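For reference, the structure is listed below as structure tokens.
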2 protein chains.
Amino acid sequence: MPNTLDDDELAAYFALRDAGSRLQRAVTKHLHGHGLTEVQFSILARLGGSEEGVAMTELARDLVITKSGLTYQAGQLEIRGLVSRQSSPGDERSILVHLTAQGAAVLSETLPSHVALVRELFIDRMPRQDLMIVRDALARVARDG
Amino acid sequence: MPNTLDDDELAAYFALRDAGSRLQRAVTKHLHGHGLTEVQFSILARLGGSEEGVAMTELARDLVITKSGLTYQAGQLEIRGLVSRQSSPGDERSILVHLTAQGAAVLSETLPSHVALVRELFIDRMPRQDLMIVRDALARVARDG
DNA sequence: AGCACATAGTTTGAATTTGAACAATAGGGG
DNA sequence: CCCCTATTGTTCAAATTCAAACTATGTGCT
């Protein structure tokens with residue numbers, strides 16, 4: 001394991017970092033047109049798949065953001081009426097975050113064009129076979145264990 | 001081009017976003033131990049390959065950050081004596097940023113373990129053949145033109 | 001029960017990032 | 001040369017992010 005990267009390795013590393021940056025930038029710009037930051041959208045998207053609500057800590061872990069950052073953004077979304085927070089029946093410390101009807105409406109307004117953008121910038125730029133390899137390869141990156 | 005993503009496509013999208021997040025998080029943590037933010041490190045790394053200096057706008061474009069953000073971080077690095085700024089001989093508007101000797105020292109202290117980390121978390125987690133596919137596929141993501 | 005430790009979420013203040021407005025220089029056409 | 005527009009970099013205020021300290025609740029052990 002030498003402490004240098006050859007040209008191919010360096011190119012792969014930069015490709016990953018640049019692809020992530022460029023895609024994030026494009027997505028951020030698109031979401032801004034819908035009045036959402038990327039973090040806010042990812043919160044709504046994650047809540048969209050859960051009728052029972054999601055606890056703050058789990059939400060922060062899933063979205064790879066800090067707990068304090070989530071507290072701030074959950075507060076912003078709550079002010080706008082897109083999510084609600086209620087303490088968990090089982091654990092008095094835990095707060096379950098839910099999508100409100102209004103939040104669900106914003107999500108379904110935003111999701112189709114978000115998906116179209118992801119398809120245009122990422123999915124449709126490579127053959128399906130390569131996409132599968134990328135999926136499996138990236139799933140192992142920086143994964144614990 | 002439907003406005004939904006099938007399971008494979010969704011998995012690939014999340015794999016890219018999550019891989020980027022996890023790798024960034026690990027890299028950020030490592031660099032913090034060397035007294036650098038990721039943006040600061042990327043500035044030093046980019047300057048490391050250029051003896052003539054790099055203009056602010058070009059630097060911001062290469063690193064996919066805003067110009068004002070770069071102004072701030074270049075100022076931080078200049079205060080610490082790691083970079084210097086001087087107006088370009090050719091264009092009076094342009095500012096060329098250079099690595100100082102001290103900046104080069106910090107870079108060469110940090111780079112080997114950074115590279116080792118990238119190798120451990122990314123490069124060494126997939127066969128070389130897949131790495132090449134990932135490199136080529138990601139190079140096309142969200143690329144203009 | 002009582003104590004120690006772990007976990008959930010918030011608060012706080014500082015650092016960073018952003019977008020818009022701004023000042024200065026460059027370049028092209030009349 | 002003069003105007004018009006584009007480009008370069010900075011400044012400013014506001015928004016966001018972070019890490020550390022903090023409060024409150026759960027869990028296990030004795």
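Not measured: the values here are computed from a predicted model. Throughout, protein chains are lettered first and strands after them, A, B, ... in sequence-line order, and every chain is numbered starting at 1.
Projected onto DNA chain C by closest heavy-atom contact, A:Val54 and A:His32 fall at different nucleotides, the more 5' of which corresponds to A:Val54. Nearer to the 5' terminus of DNA chain C, by closest-nucleotide assignment, is the contact made by A:Leu96 (compared with the other of A:Leu96 and A:Thr28). Map A:Gly69 and B:Ile95 each onto its nearest nucleotide of DNA chain D; the residue landing nearer the 5' end is B:Ile95. A residue-by-residue look at A:Glu92 and A:Gln40 shows that A:Gln40 has its nearest nucleotide of DNA chain D further toward the 5' end.
Distance CZ (A:Arg61) to P (C:dT7): 12 Å, rounded to an integer number of Å. For A:Asp62 and C:dA8, the CG to P distance is 13 Å, given to the nearest whole Å. Here C:dT12 presents its P atom at 17 Å from NZ of A:Lys67, a figure rounded to the nearest Å. B:Asp91 places its CG atom 17 Å from the P atom of D:dA6, with the value rounded to the nearest Å. Distance, B:Leu31 CG to D:dA19 P: 13 Å, rounded to whole Å.
Using a 4.5 Å heavy-atom cutoff, the side chains of B:Gln40 and B:His34 are not in contact. Side-chain contact between B:Gln73 and B:Gln76 is present, with heavy atoms from C-beta onward closer than 4.5 Å.
For D:dA19, its base sits under 3.5 Å from the side chain of A:Ser68 at one donor and acceptor pair at least.
A:Thr37 comes within 4.0 angstrom of sugar-phosphate atoms only, judged by non-hydrogen atoms across all strands, and of no base. Residue-level contact check: B:Arg85 touches the backbone only, with heavy atoms under 4.0 Å from sugar-phosphate atoms and none from bases. Among the atoms of the strands shown, base atoms are found under 4.0 Å from some heavy atom of A:Thr71.
Close to D:dT17, at under 4.0 Å from its OP1 or OP2, lies a side-chain N or O of A:Gln73. Proximity of A:Gln76 to the phosphate of D:dA15: no side-chain N or O atom is located under 4.0 Å from OP1 or OP2. Residue A:Thr57 places at least one side-chain N or O under 4.0 Å from the OP1 or OP2 atom of C:dG9. Dashed line: the shortest gap from a side-chain N or O of B:Tyr72 to OP1 or OP2 of C:dT17 is not under 4.0 Å. OP1 and OP2 of C:dT17 both lie 4.0 Å or more from every side-chain N or O belonging to B:Thr66.
One finds no salt bridge joining B:Arg135 and A:Glu9 here, because no Lys/Arg side-chain nitrogen approaches an Asp/Glu carboxylate oxygen to under 4.0 Å.
Closest approach to the A:Arg25 side chain among C:dT18, C:dT25, C:dT16 is made by C:dT18 (side chain taken as heavy atoms from C-beta onward). For A:Arg93, the side-chain atoms get nearest to C:dA6 when compared with the rest of C:dA26, C:dG9, C:dA6.
In plain terms, the two heavy atoms of A:Ser113 and A:His30 that are nearest each other are OG-NE2, 2.9 Å.
A:Val141 and B:Leu131 fall within a single hydrophobic cluster, where Ile, Leu, Val, Met, Phe, Trp and Tyr side chains are chained together by heavy-atom contacts under 4.5 Å.
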